[in-house]
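Being a predicted model, the structure only gives us computed values, none of them experimental.
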Amino acid sequence: MALDQAWAVGGGAENPVEGARLSTYTATNGGRGVILPDDMKVSALPTPGPFVRAVSGACVSPNDYLGEDGGGQSYTGREGSSTDIPVAPTGSSGSQTKYLIWAVHDEQYERGLTPADKVNDPRNNYEWVSSVNGLTFPHVPLVKLVQPANTATITNSMLTDIREVANPIVGGFTFARPRISEDSVRQIKLTRPFTDGGVGPFYGELFPGGDGIPNQTRRKIPARAAYMSIRADWMAISVKGGQNAWGRYWVEFGDEYREHTWASGRQYEFSTQQFGFDTSGAGTNYKESWPLMDQVYIPKKLRGKLVTFAFKAGLDVGASAAGIEMAGLGGMGMQVVFSMAPLDEDTI
């Protein structure tokens with residue numbers, strides 16, 4: 001029949017394995033890699049020798065038999081404890097570069113495979129390959145080995161971790177708060193320096209400030225998240241003509257507020273990088289916006305907790321305290337993506 005049996009139908013119906021692979025693909029978004037950041041990590045033995053050791057964990061791979069996208073199917077694998085994988089020694093002809101992968105060989109797609117025990121024989125194993133490109137069977141890259149000539153003993157200095165988390169994103173949120181006309185009568189000017197009385201450079205103030213101003217949001221960080229990518233915007237800031245104002249802006253976050261007594265004058269314990277602004281000092285009023293984007297490590301003490309994210313800014317020495325304000329028709333916005341591993345490996 002043209003339509004496969006739905007997965008998973010009870011009552012004694014036969015459920016094809018393709019349905020299970022489809023469910024796996026859907027659950028893992030077609031990702032390739034390990035499930036958790038520490039899964040299946042490979043290292044040299046405690047006493048180096050002709051083996052490497054893969055520790056416990058799990059992984060997933062698209063069905064590469066059906067093409068690069070896996071045909072909407074995926075395989076999973078699990079290392080229950082640890083496995084020591086042998087490494088062939090190199091000779092005098094030179095060094096070798098090779099890659100350790102977790103691999104699947106399924107006789108449904110590979111003709112000629114004849115397991116001795118069709119029920120119990122494993123169809124997955126660890127393999128050394130010369131390249132991870134162009135492989136046509138399900139696989140997950142684990143480690144790169146650069147092995148010098150005449151070498152049988154493997155050390156950690158020869159190994160490079162190439163594992164990726166298959167689905168690193170574990171949540172996120174959007175905070176969008178346009179300012180309204182009522183906000184125009186509250187404290188709207190930026191007046192505080194980012195260094196005050198020798199304390200800084202994160203002193204500053206919650207901006208836009210004042211009682212009742214929603215310049216922060218409180219959100220729960222997923223327990224599995226180790227990094228977050230923060231995009232924040234101060235939108236349609238009013239710049240006063242003839243007033244030259246320059247300084248910095250940033251986002252602070254933490255689970256405890258203090259009156260500028262965290263390190264460097266912070267009001268919350270942690271922060272993004274700071275970004276600079278500098279108005280023109282021209283004779284006419286105009287609007288500008290401040291964008292911010294940063295990827296930061298999430299301290300373990302904040303994981304699984306409600307955390308405050310606060311918009312902050314501060315002026316430099318000599319800058320006008322009458323040049324920057326945010327009244328009605330301005331606004332703030334923040335988008336945060338939580339992940340188990342860095343989404344951008346190049347972040348400073």
- prompt: So, are Glu164 and Arg32 salt-bridged, with charged N and O less than 4.0 Å apart?
  reply: no

query: Looking only at heavy atoms, which two atoms of Phe338 and Pro222 are closest? And how far apart?
result: CD1-CD, 3.4 Å

- prompt: Checking Asp39 side chain against Ala58 main chain: does a donor-acceptor pair fall under 3.5 Å?
  reply: yes

message: Assess the residue pair Glu252 and Trp262 against the criterion (side chain to side chain contact (heavy atoms under 4.5 Å, CB included)); give the C-alpha distance rounded to whole Å, side-chain angles, the decisive distance to 0.1 Å, and a yes or no.
response: CA-CA 11 Å; Glu252 288 183 6; Trp262 287 111; over 6 Å; no

- request: Please check if the side chain of Arg303 supplies one atom and the backbone of Arg224 the other of a donor-acceptor pair under 3.5 Å.
  value: no

Heavy-atom check, side chain of Ile154 versus side chain of Leu159, under 4.5 Å: yes

- prompt: If you draw a 6.0 Å radius around CD in Glu259, do more than 12 non-hydrogen atoms from other residues or ligands fall strictly inside?
  reply: yes

Exercise: do Ser74 and Arg21 side chains pair donor with acceptor under 3.5 Å: no

- prompt: Does the side chain of Phe51 reach to within under 4.5 Å of the side chain of Pro86, using non-hydrogen atoms?
  reply: yes

- prompt: Is Thr160 reaching over with its side chain to a backbone N or O of Lys144, donor-acceptor style, under 3.5 angstrom?
  reply: no

- request: Could you go through the side chain to side chain contact (heavy atoms under 4.5 Å, CB included) check for Thr195 and Tyr203 one step at a time?
  value: CA-CA 5 Å; Thr195 297; Tyr203 199 94; 5.8 Å; no

message: What I'd like to find out is whether the side chain of Val317 reaches to under 4.5 Å of the side chain of Pro193, using heavy atoms alone.
response: no

field: Rounded distance (nearest 0.5 Å) linking atom CG of Asn125 with atom OG1 of Thr83
entry: 10.5 Å

Val132 versus His139, closest heavy-atom pair with distance: O-NE2, 4.0 Å

- prompt: Are a donor atom and an acceptor atom from the side chains of Arg231 and Ser229 found within less than 3.5 Å of each other?
  reply: no

task: Check step by step if side chain to side chain contact (heavy atoms under 4.5 Å, CB included) holds for Phe175 and Phe173.
output: CA-CA 7 Å; Phe175 171 72; Phe173 71 82; 4.3 Å; yes

- prompt: What are the two closest heavy atoms between Lys305 and Asp255, and how far apart are they?
  reply: NZ-OD2, 3.5 Å

- prompt: Is Val165 reachable from Tyr227 through a run of hydrophobic residues whose side-chain heavy atoms are each under 4.5 Å from the next?
  reply: no

- prompt: How about Tyr25 and Asn63: do any of their side-chain heavy atoms sit closer than 4.5 Å?
  reply: no

query: Given side chains that start at C-beta, do those of Pro62 and Gln73 come closer than 4.5 Å, heavy atoms only?
result: no

Side-chain touch Ile85/Trp128, heavy atoms, less than 4.5 angstrom: yes

message: Within the structure provided, determine whether Lys41 and Arg163 are in side-chain contact (heavy-atom separation under 4.5 Å).
response: yes

message: If we ignore hydrogens and angles and just use 3.5 Å, is the side chain of Gln147 paired with the main-chain N or O of Ala88 as donor and acceptor?
response: yes

Distance in Å, Thr279 OG1 paired with Asn244 CG, rounded so as to fall on 0.5 Å steps: 4.5 Å

- request: Classify the ring geometry between Phe202 and Trp250 as parallel (under 30°), tilted (30 to 60°) or perpendicular (over 60°).
  value: perpendicular

message: Side chains of Asp106 and Tyr75 only: does a donor on one sit below 3.5 Å from an acceptor on the other?
response: yes

query: Does the pair Tyr65 and Phe137 meet the rule for a ring pair (Phe, Tyr, Trp, His ring centres under 6.0 Å), with working shown?
result: CA-CA 5 Å; Tyr65 295 120; Phe137 52 86; 7.3 Å; no

field: Atom pair CH2 (Trp234) and CZ (Phe277), whose distance is rounded to the nearest 0.5 Å
entry: 10.5 Å

field: Residues Trp7 and Gln5: side-chain donor-acceptor under 3.5 angstrom
entry: no

query: Any donor-acceptor pair under 3.5 Å linking the side chain of Glu205 with the backbone of Lys312?
result: no

query: Who passes ring-ring contact (aromatic ring centres under 6.0 Å, His included) against Tyr286, sequence neighbours left out?
result: none

field: Test item: Ile162 and Tyr99 side chains (from C-beta on) under 4.5 Å apart, heavy atoms
entry: yes

- prompt: What pair of heavy atoms forms the shortest contact from Ala236 to Ser289, and how long is it?
  reply: N-OG, 3.1 Å

message: salt bridge (charged side-chain N to carboxylate O under 4.0 Å, His left out) for Glu325 and Lys240? Distances and angles first, verdict last.
response: CA-CA 8 Å; Glu325 64 180 45; Lys240 293 298 182 181; 3.8 Å; yes

- prompt: Do Val143 and Val129 share a hydrophobic cluster, counting only Ile, Leu, Val, Met, Phe, Trp and Tyr and linking them when any side-chain heavy atoms are less than 4.5 Å apart?
  reply: yes

message: Working note: Val60 + Val140, criterion side chain to side chain contact (heavy atoms under 4.5 Å, CB included); need CA distance, chi angles, decisive distance, verdict.
response: CA-CA 7 Å; Val60 63; Val140 173; over 6 Å; no

field: Exam field: side chain Thr151 to backbone Thr153, donor-acceptor pair closer than 3.5 Å
entry: no

message: Strictly distance-based, threshold 3.5 Å: is any side-chain N or O of Asn156 a donor or acceptor partner for the main-chain N or O of Ala44?
response: yes

- prompt: Linking I/L/V/M/F/W/Y whenever their side-chain heavy atoms sit closer than 4.5 Å, directly or via other members, would Met334 and Tyr268 fall into one cluster?
  reply: no

message: Could you report the tightest heavy-atom contact between Pro48 and Pro46, atom names first, then the distance?
response: CD-O, 3.5 Å

message: Any donor-acceptor pair under 3.5 Å linking the side-chain atoms of Glu127 with those of His105?
response: yes

task: Indicate if Phe309 and Phe275 have the same hydrophobic cluster label, given that clusters are the connected sets of ILVMFWY residues with side-chain heavy-atom separations under 4.5 angstrom.
output: yes

- prompt: With no hydrogens and no angle check, do the side chains of Gln216 and Gln267 hold a donor and an acceptor under 3.5 Å apart?
  reply: no

- request: Could you tell me whether a side-chain N or O of His260 sits under 3.5 Å from a main-chain N or O of Gly265, the two making a donor and an acceptor?
  value: yes

task: Count the heavy atoms belonging to other residues, nucleotides or ligands that lie under 6.0 Å from NZ of Lys220, then report whether that count exceeds 12.
output: no

- prompt: Just how far is it from atom CD1 of Ile188 to atom CD1 of Ile324, taken to the nearest 0.5 Å?
  reply: 11.5 Å

field: Between Phe207 and Tyr249, ring centroids under 6.0 Å
entry: no

message: For the backbone of Ala319 and the side chain of Asp316, can you confirm whether one donor and one acceptor N or O come within less than 3.5 Å of each other?
response: no

- request: Inspect the surroundings of CG in Asn15 and state if more than 12 heavy atoms from other residues, nucleotides or ligands are less than 6.0 Å away.
  value: yes

query: Would you call Arg258 and Glu269 a salt bridge, taking side-chain N to carboxylate O under 4.0 Å as the test?
result: no

statement: Taken to the nearest 0.5 Å, the spacing of Met293 CE from Asp344 CG works out to 10.0 Å

field: Nearest-0.5 Å distance that lies between atom CG in Asp161 and atom CE in Met40
entry: 12.0 Å

- prompt: So, Trp290 and Asp233: side-chain donor and acceptor under 3.5 Å apart, yes or no?
  reply: no

- prompt: Ignoring hydrogens and geometry, is there a side-chain-to-backbone donor-acceptor pair from Asp84 to Arg53 under 3.5 Å?
  reply: no

message: When you compare the side chains of Glu79 and Tyr126, does any donor N or O come within less than 3.5 Å of an acceptor on the partner?
response: yes

- prompt: Should Val251 and Leu302 be counted in the same cluster of Ile, Leu, Val, Met, Phe, Trp and Tyr side chains packed under 4.5 Å apart?
  reply: yes

